[in-house]
Every structure is written in structure tokens, then in C-alpha cells.
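Input: a single structure, listed below in C-alpha cells.
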Amino acid sequence: MSKEFEIVREFDADATPEEVWEAITHGTGGYLWPMQAPEPRVGGTAAFGSTVTVWDPPQHLTIRSEDVGFSVQSVNQLEHTIEPRDGGRRAWVRYVHSGIFTDDWDNQYDGASKHTDFYLHTLREYLAHFAPRPVTFASLDGPEQSTASDAFAAVGRALGLADDTAPAERVSVSGPDGRALDAVLDYRDPYFVGLRTDTALIRFFGRNHWGAPVGISVHDFAPDADAKANELAWQGWLNGVFSQP
């Protein structure tokens, strides 16, 4: 049964309104995934065949699609409202994700809402630590075993995170090929883990909670970053996590 949804978040960003605008229009690979930049006008095209309905830089952007291409959703709209703070040195952002889910409403809404918190946190991390550096992006999913209800707990154990390790702590985690990675644990809850190294944001997604495989994305800002190498390394790591007896 079709039903409308709306997810609203408001937050402060350690960046100017212009820097936030650049991130949400041209820098999505730094915190989300690389997407087609919106055509800079009302009526312009944007990612996934959507349309720009509000274009007022650096204050207001709305993008809408009525042909989402997913069986569980028919309408999707993203709205960002940006206001200056501290004399324009920082920004306040209001984010609204709305639309229509056509099936599995509770599960779809819960997943979208929790992902929103993680993605917007990653946006703030990107703005504070890496923007506007070029990014190399890689993403991957775990094997079928990673859809199990307790699968994401295995990711935390494989990284070597203690149960009481809290966000903002510096950690040394076990990465691909047993390499130790020094990082800040910038996000952790039962659904997601975020690591920030000197050159990358590495994100772990417990999508098993919504019936999908566990996922990883790597936003690598090193000058010599290699997306394919990152993908292969972390795919091997994730496959190894779920090949254990």
C-alpha cells in the first residue's frame, strides 16, 4: 500500500554555506557516492533522471523524481536549506527527504531514516576534515551470509573493536591482509561503523537489519588512491569475515 514519508534533520556544519553547497552539488563522492551534478537551473536534470525544482545557491536546493526506478518507491524528493552562522564562517542545514513508499513501508522508512543520520554525519566529517579534496570512491557488498540477523556484530569483532569502544576514540583496527589501520572511530551504533583515517572515510553498513547484505564504502582522499585496489582489498576482508566457521 502506497504511503507518503518525510525524514527531516537539522544540523550545524563546520563549513561555510558555499562549501556545503559545493559538497551537495558536486562533492557527493566525498560522503555519499559520486552522482551526476545537478544542472544549475530550475528544470535542470539531476542524478537518476530527477529534476531540479528549486535552485538558489548557496541557500536552497530541491531535487525531485517521480520515476525513481525502485519497486518499493514511486516519488523521491531531496531538499536542502542552508543558512549562514557565525558571520558566514559556519552553516546551519535543514535536510528533508520525502516521497512515497509503495511497499514494505515500515522497513523502508526505518532503513532510510537510520541511513540518513549516518550519511549526514559523514557529510559533516567530509566538510570538517577533507573538503574540497578530490575523492576516489569504492563500494562493495558482503556475501549472502552477511544478511543474517547477527551479521553486523561479526564486522565489529573482525575490526577488533571492543564492545565499549565509543565514538571519537582513536583505534587500531584490523584491515585487509591483517594490516593495522590507525583511525578515529567517528561513528558507531548497532547499524553502522565509521572510521576516519588521515586520508579516508571508511564506512560499514549493517544493512542486514533490513534484509540486505552488509556493505562497505571507502572515500579515499589520498593523491594516489586506487578505487579498484580498495574495492578488492575490502571485498576480500569482508568475504573473509563471513567465511569463518
Side-chain angles (χ1 to χ4, degrees), residues 1-105 108-135 137 139 201 203 205 217 219:
M1 176 174 156
S2 296
K3 183 179 176 182
E4 294 182 353
F5 72 92
E6 184 177 73
I7 299 166
V8 181
R9 300 290 187 269
E10 297 179 358
F11 60 92
D12 293 316
D14 189 17
T16 67
E18 292 79 10
E19 289 168 337
V20 176
W21 183 270
E22 180 66 18
I24 66 174
T25 56
H26 292 85
T28 56
Y31 67 96
L32 196 58
W33 54 80
M35 287 190 287
Q36 172 190 342
E39 191 177 359
R41 62 179 181 86
V42 172
T45 59
F48 305 111
S50 56
T51 301
V52 177
T53 59
V54 178
W55 181 268
D56 183 17
Q59 302 172 89
H60 196 185
L61 174 67
T62 304
I63 295 173
R64 182 177 177 87
S65 174
E66 298 188 5
D67 183 15
V68 177
F70 303 130
S71 61
V72 296
Q73 188 176 359
S74 61
V75 176
N76 193 68
Q77 179 170 291
L78 300 175
E79 179 181 20
H80 294 80
T81 304
I82 306 166
E83 295 181 1
R85 294 289 188 269
D86 298 336
R89 294 184 296 275
R90 304 182 75 250
W92 171 88
V93 182
R94 186 174 192 266
Y95 171 90
V96 183
H97 180 195
S98 60
I100 298 174
F101 287 134
T102 57
D103 192 20
D104 196 22
W105 196 94
Q108 293 298 320
Y109 180 84
D110 184 63
S113 180
K114 288 183 170 65
H115 274 75
T116 292
D117 291 330
F118 190 38
Y119 284 134
L120 293 180
H121 169 81
T122 303
L123 169 60
R124 296 194 293 276
E125 289 289 291
Y126 166 65
L127 288 167
H129 299 283
F130 296 108
R133 289 159 60 176
V135 65
F137 176 80
S139 66
L201 293 168
R203 326 315 270 168
F205 299 86
S217 68
H219 310 262

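In terms of the side chain to side chain contact (heavy atoms under 4.5 Å, CB included) criterion, residue partners of Arg89 (sequence neighbours excluded) are, by chain and number, Asp86. With sequence neighbours excluded, the residues that form a salt bridge (Lys or Arg N to Asp or Glu O under 4.0 Å) with Asp110 are Lys114. Under the rule for a side-chain hydrogen bond (donor to acceptor under 3.5 Å, both in side chains), Gln108 has no partner lying at least two apart in sequence or in another chain. Looking at residues two or more places apart in sequence or on another chain, you find no side-chain hydrogen bond (donor to acceptor under 3.5 Å, both in side chains) involving Arg124. With sequence neighbours excluded, the residues that form a side chain to side chain contact (heavy atoms under 4.5 Å, CB included) with Glu6 are Val8, Val96, Ser98. Listed by chain and number, the residues in a side chain to side chain contact (heavy atoms under 4.5 Å, CB included) with Ala46 are Pro38, Ser50, Val52, Ile63 (sequence neighbours excluded). The side-chain hydrogen bond (donor to acceptor under 3.5 Å, both in side chains) check on Ser139 picks up nothing, with sequence neighbours excluded. When the side-chain hydrogen bond (donor to acceptor under 3.5 Å, both in side chains) test is applied to Thr51, no partner is found at least two apart in sequence or on another chain.
Tyr109 OH to Glu4 CD: the interatomic distance, rounded to the nearest 0.5 Å, is 13.0 Å. Separation of atoms NE2 (His80) and CZ (Arg94) is listed at 12.0 Å; rounding is to 0.5 Å. The CG atom of Leu120 sits 6.0 Å away from the OH atom of Tyr95 when rounded to the nearest 0.5 Å. Rounding to the nearest 0.5 Å gives a distance of 12.0 Å between CG of Asp103 and CD of Gln73. How far CD1 of Ile100 is from OG of Ser74: 4.0 Å, rounded to the nearest 0.5 Å. Note that CG of Leu32 is 12.0 Å distant from CZ of Arg203, once rounded to the nearest 0.5 Å.
Applying the salt bridge (charged side-chain N to carboxylate O under 4.0 Å, His left out) test to pairs two or more places apart or on separate chains, those with a residue in residues 25-53 are Glu39-Arg41. Sorted by first and then second residue, the pairs that involve residues 75-84 and meet salt bridge (charged side-chain N to carboxylate O under 4.0 Å, His left out), not counting sequence neighbours, are Glu83-Arg85. Pairs engaging residues 11-34 under the salt bridge (charged side-chain N to carboxylate O under 4.0 Å, His left out) rule: Asp14-Arg90 [sequence neighbours left out]. Within the structure, the ring-ring contact (aromatic ring centres under 6.0 Å, His included) test picks out the following pairs touching residues 19-49 (sequence neighbours left out): Trp21-Trp55, Trp33-Tyr119.
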request  = Output, in order, the C-alpha distance, side-chain angles, deciding distance and verdict of side-chain contact (heavy atoms from CB on, under 4.5 Å) for Phe5 and Val75.
outcome  = CA-CA 10 Å; Phe5 72 92; Val75 176; over 6 Å; no
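Between the side chain of Thr28 and the main chain of Met35, a donor-acceptor pair closer than 3.5 Å is present. Of the possible donor and acceptor atoms, none in the side chain of His129 sits under 3.5 Å from a partner among the backbone N and O of Glu125.
Minimum heavy-atom separation, Tyr126 to Gly27: CE2-O, 4.0 Å. In this structure, Ala91 and Ile82 approach most closely via the heavy-atom pair CB-CG2, 4.1 Å. Between Ala23 and Leu127 the shortest heavy-atom distance is CB-CD2, 3.9 Å. Across all their heavy atoms, Pro34 and Phe137 have their closest contact at CD-CD2, 3.3 Å. Taking both residues in full, the closest heavy atoms of Ala13 and Val20 are given as CB-CG2, 4.1 Å, listed atom of the first, atom of the second, then distance.
Using modelled atom types and a 3.5 Å distance limit, the side chains of Arg9 and Thr116 yield no donor-acceptor pair.
Counting heavy atoms from C-beta on, the side chains of Leu78 and Ile24 never come closer than 4.5 Å. Between His97 and Asn76, some side-chain heavy-atom pair lies under the 4.5 Å cut-off.
Ring centroid separation for the pair Phe11 and His121 does not come in under the 6.0 Å cut-off.
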